[in-house]
Amino acid sequence: AEPAPAPNETPPAATYAPPVKKVETFEISTQTQKEDFPETEQEDEPEAAEEKPAEDGDTKEEVDEKEAVTVIDPKVLSQEEREEAVASVPFSSFINTASKKVERVLGAPVLADLLVNYVGETDKDGISAETSTDASKYIAASHVYECAKWTATRDVTDMDWSPHQREVMLSSYHLPSSAVSSSSAAAISVVSPDDTPSASLAPRSGELQSDGLVLVWSLALPTRPEHIFVCGSPVSSARFHPTEPHLVLGGCQSGQWVLWDVRAGRLPVQRSPSSQLHPICSMELTDGGNMVTASTDGKVQVWSLANLQEPAQKLQVEKANFSSMAVSTNNTLLCGSEHGGIFVVPTSSTGSGSAGARSSKRAARQLDAGEDGHFGMVTAVSSRSMNTEKQEFLLSSGVDWTCKLWAPSVRPTPLLTWTNPSYDYLCDVQWSPTHPSLFVTASSNGKISFWNLASSLEESMGSVDIGSSDNAGANKLKFSADGRRLMVAAADKVHVLNLTEDILRQKGDEESKLVHNLSARGLLDSSKGTK
């Protein structure tokens with residue numbers, strides 16, 4: 001018998017059995033919020049996309065072929081199709097509206113420059129140092145408004161600020177220099193709806209050469225107008241309607257006034273009868289809700305804005321060829337003539353026109369200034385009432401290089417006369433609507449001058465050269481209602497100036513100072529009547 005193996009001895013290989021492996025499984029879990037590990041569907045989407053061909057029974061090549069079929073190649077439009085698409089009403093309306101919104105956003109800094117009330121600050125970039133004088137410190141910001149596509153070779157004839165929105169203004173223009181117009185041509189042959197919206201910038205055939213043009217501007221858009229109006233006669237005067245913000249009035253060289261509506265296109269929606277044959281030189285609105293027109297043959301017509309079918313009053317001044325007009329506080333008209341005369345024309349304060357046109361029995365009178373009057377056409381007149389003495393003061397400018405101060409209720413001769421030192425025509429003069437002793441003159445050499453009669457009766461506060469870059473004269477002025485902004489026209493450009501507090505701030509009772517300065521010289525005596 002074989003001996004038994006020792007306890008520590010390894011048994012033979014034939015009899016050795018390997019140990020059995022046990023596999024144990026277990027789970028480890030932690031207590032977490034469900035939101036810490038959100039379920040994602042993005043990982044399952046590729047699998048679903050891969051399984052979809054199998055469910056449909058399509059091969060990979062068939063799926064790629066179907067995807068290739070669904071791709072649509074862009075269509076290249078022909079020249080005719082492109083022109084038709086661009087000319088379509090929906091496309092042009094979208095482009096006009098969208099581009100105007102973008103330009104308004106881009107013009108926000110311009111709007112801020114002109115509407116912010118500056119105190120002693122000036123815009124060094126607005127006026128160059130080469131063309132500025134000591135009056136440049138009174139201008140905080142300056143921006144130019146022009147649209148060469150529509151206004152090239154034209155001249156501004158009139159301007160106005162909107163009484164409804166302080167950032168909106170308008171300017172009227174004469175016919176292009178290359179065109180020839182007759183004063184007898186009708187402002188519009190027929191009044192009919194126009195399919196071209198006034199807000200569109202694109203012209204129709206022949207509109208760029210229209211004799212009459214009026215543009216409505218927003219201060220935020222210096223290079224494109226908000227609305228464009230045209231007519232068949234040069235527009236010499238234009239005004240916003242005082243109560244209807246969508247209406248614009250214009251006086252034409254044909255002797256007619258026209259009415260535009262921003263909702264009805266570019267052509268006028270109403271016109272006056274063709275009874276007036278001489279050009280309208282001036283058109284003003286009165287506090288009583290009337291419109292007054294003056295023509296170059298000495299005829300004045302008062303129209304009620306509530307009834308524009310016929311004039312409420314007609315006035316004919318003999319031997320008066322009016323060239324300018326201003327309305328005083330009591331609705332008395334102060335008119336300048338082409339021969340240098342100043343006329344005082346009384347009118348009725350009210351008139352409905354329902355009973356037909358009435359002729360005034362109150363005779364107009366001419367101020368007998370003699371050799372102290374203007375020698376040549378009176379280019380502009382501007383009136384202001386002084387509460388201290390309850391008197392009406394009148395400023396007039398003329399082609400005889402002079403500007404004159406009048407008090408028609410005191411004496412027929414001018415109180416003061418200032419001569420332009422450059423001996424250039426004075427094209428316009430305007431009182432400030434808020435400052436009793438401040439006024440501005442515009443010269444044909446492109447300079448505007450500021451005057452404060454409470455500080456000095458002899459010298460101006462300074463001047464600024466507006467039209468030197470284009471050799472254009474400054475021919476029109478218009479203050480805003482708050483007196484802080486001044487429009488200046490030079491050729492076809494409209495300059496808008498924001499004035500600083502240095503010139504707008506009143507230093508005490510400047511109205512009393514003005515009256516005192518005049519009385520100290522013996523020029524003003526309220527106890528005396530008209531001679």
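Values below: every heavy atom of this structure, side chains too, minus hydrogens, waters and symmetry copies.
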Taking His278's backbone N and O only, do any of them form a donor-acceptor pair with Thr296's side chain (distance below 3.5 Å, no angle check)?
no

When you check the gap from the basic side-chain N to the acidic O, do Arg521 and Glu458 get nearer than 4.0 Å?
yes

Between Trp418 and Phe439, how do the two ring planes meet: parallel, tilted or perpendicular, split at 30° and 60°?
tilted

Is the closest side-chain donor-acceptor distance between Ser282 and Ser324 under 3.5 Å?
no

For the pair Trp150 and Tyr173, evaluate side chain to side chain contact (heavy atoms under 4.5 Å, CB included) and give the outcome as yes or no after the intermediate values.
CA-CA 10 Å; Trp150 283 90; Tyr173 298 82; over 6 Å; no

Thr379 side, atom OG1; Asn475 side, atom CG - distance, nearest 0.5 Å
10.0 Å

Enter the distance from Arg166:CZ to Leu219:CG here, rounded to the nearest 0.5 Å.
9.0 Å

Main-chain N/O of Ile280 paired with Ser236 side-chain donor or acceptor, under 3.5 Å:
yes

Under 3.5 Å: donor-acceptor pair, side chain of Ser382, backbone of Trp431:
yes

Is a side-chain N or O of Trp217 found less than 3.5 angstrom from the main chain of Ser171, in a donor-acceptor match?
no

Using side-chain heavy atoms (C-beta onward) and a distance below 4.5 Å, is Phe229 in contact with Val235?
no

Considering all heavy atoms, the nearest Pro412-Trp406 contact:
O-CZ3, 3.1 Å

Closest non-hydrogen contact found for Ser385 with Glu392 is CB-OE1, 3.5 Å

Beyond-backbone contact of Leu504 with His435, side-chain heavy atoms, under 4.5 angstrom:
no

side-chain hydrogen bond (donor to acceptor under 3.5 Å, both in side chains) between Ser198 and His227, worked out
CA-CA 5 Å; Ser198 61; His227 297 282; 2.9 Å; yes

Look at atom CZ of Phe240 and say whether more than 12 heavy atoms of other residues, nucleotides or ligands are closer to it than 6.0 Å.
yes

In Å, rounded to the nearest 0.5 Å, how long is the span from CG of Leu405 to CH2 of Trp451?
11.5 Å

Quick one: does any side-chain atom of Lys507 pair with a main-chain N or O of Ser455 as donor and acceptor, under 3.5 Å?
no

Least distance between heavy atoms, Leu208 atom then Arg154 atom
O-NH2, 3.1 Å

Close side-chain approach of Glu310 and Pro273, heavy atoms under 4.5 Å:
no

Is there a side-chain contact between Arg411 and Leu523 (heavy atoms, below 4.5 Å)?
yes

Side-chain heavy-atom pair Lys319, Ser337 within 4.5 angstrom cut-off:
no

Interatomic distance, CG@Leu453 vs CG@Leu415, rounded to 0.5 Å, equals 10.0 Å

Does any non-hydrogen side-chain atom of Lys314 lie less than 4.5 Å from one of Lys299?
no

Separation of Ser383 OG from Met325 CE (nearest 0.5 Å)
10.5 Å

Is it true that atom CG of Asp372 has more than 12 heavy atoms of other residues, nucleotides or ligands lying nearer than 6.0 Å?
yes

Which is it for Leu438 and Met461 under the side chain to side chain contact (heavy atoms under 4.5 Å, CB included) test, yes or no, and what are the steps along the way?
CA-CA 10 Å; Leu438 177 66; Met461 303 172 67; 4.2 Å; yes

Donor-acceptor side-chain pairing of Asn445 and Ser422 below 3.5 angstrom
yes

OG of Ser272 to CD of Gln301, rounded to nearest 0.5 Å, is 7.5 Å

Does Gln316 have more than 12 heavy atoms from other residues, nucleotides or ligands lying within 6.0 Å of its CD?
yes

Is there a side chain to side chain contact (heavy atoms under 4.5 Å, CB included) between Phe479 and Val440? Walk through the geometry before answering.
CA-CA 9 Å; Phe479 272 102; Val440 185; 3.5 Å; yes

Do you know which of Asp424, Asp428, Asp465, Asn420 makes side chain to side chain donor-acceptor pair (under 3.5 Å) with Ser443?
Asn420

Do other residues, nucleotides or ligands put more than 12 heavy atoms under 6.0 Å from His164 NE2?
yes

If I compare all heavy atoms of Thr500 with all of Ile139, which pair ends up nearest, and what's the gap?
CG2-C, 3.9 Å

Between Val496 and Met487, which heavy-atom pair has the shortest distance, and what is it?
CG2-CG, 4.0 Å

So, Asp482 and Arg485, do they make that salt bridge, N to O below 4.0 Å?
yes

side-chain hydrogen bond (donor to acceptor under 3.5 Å, both in side chains) evaluation trace for Asn452 with Ser437
CA-CA 5 Å; Asn452 189 339; Ser437 59; 2.6 Å; yes

State, yes or no, whether a side-chain contact exists between Leu334 and Ile342 at a heavy-atom distance under 4.5 Å.
no

Test side chain to side chain contact (heavy atoms under 4.5 Å, CB included) on Met169 and Glu226 and set out the steps.
CA-CA 10 Å; Met169 57 189 181; Glu226 286 278 358; over 6 Å; no

Is the shortest side-chain N to carboxylate O distance from Arg239 to Asp158 below 4.0 Å?
yes

If you look at every heavy atom in Pro408 and Arg365, which pair is closest and at what distance?
O-NH2, 3.5 Å

Going by heavy atoms in the side chains, are His174 and Gln253 under 4.5 Å from each other?
yes

Just by modelled atom types, is the Thr243 backbone N or O under 3.5 Å from a matching donor or acceptor in the His241 side chain?
yes

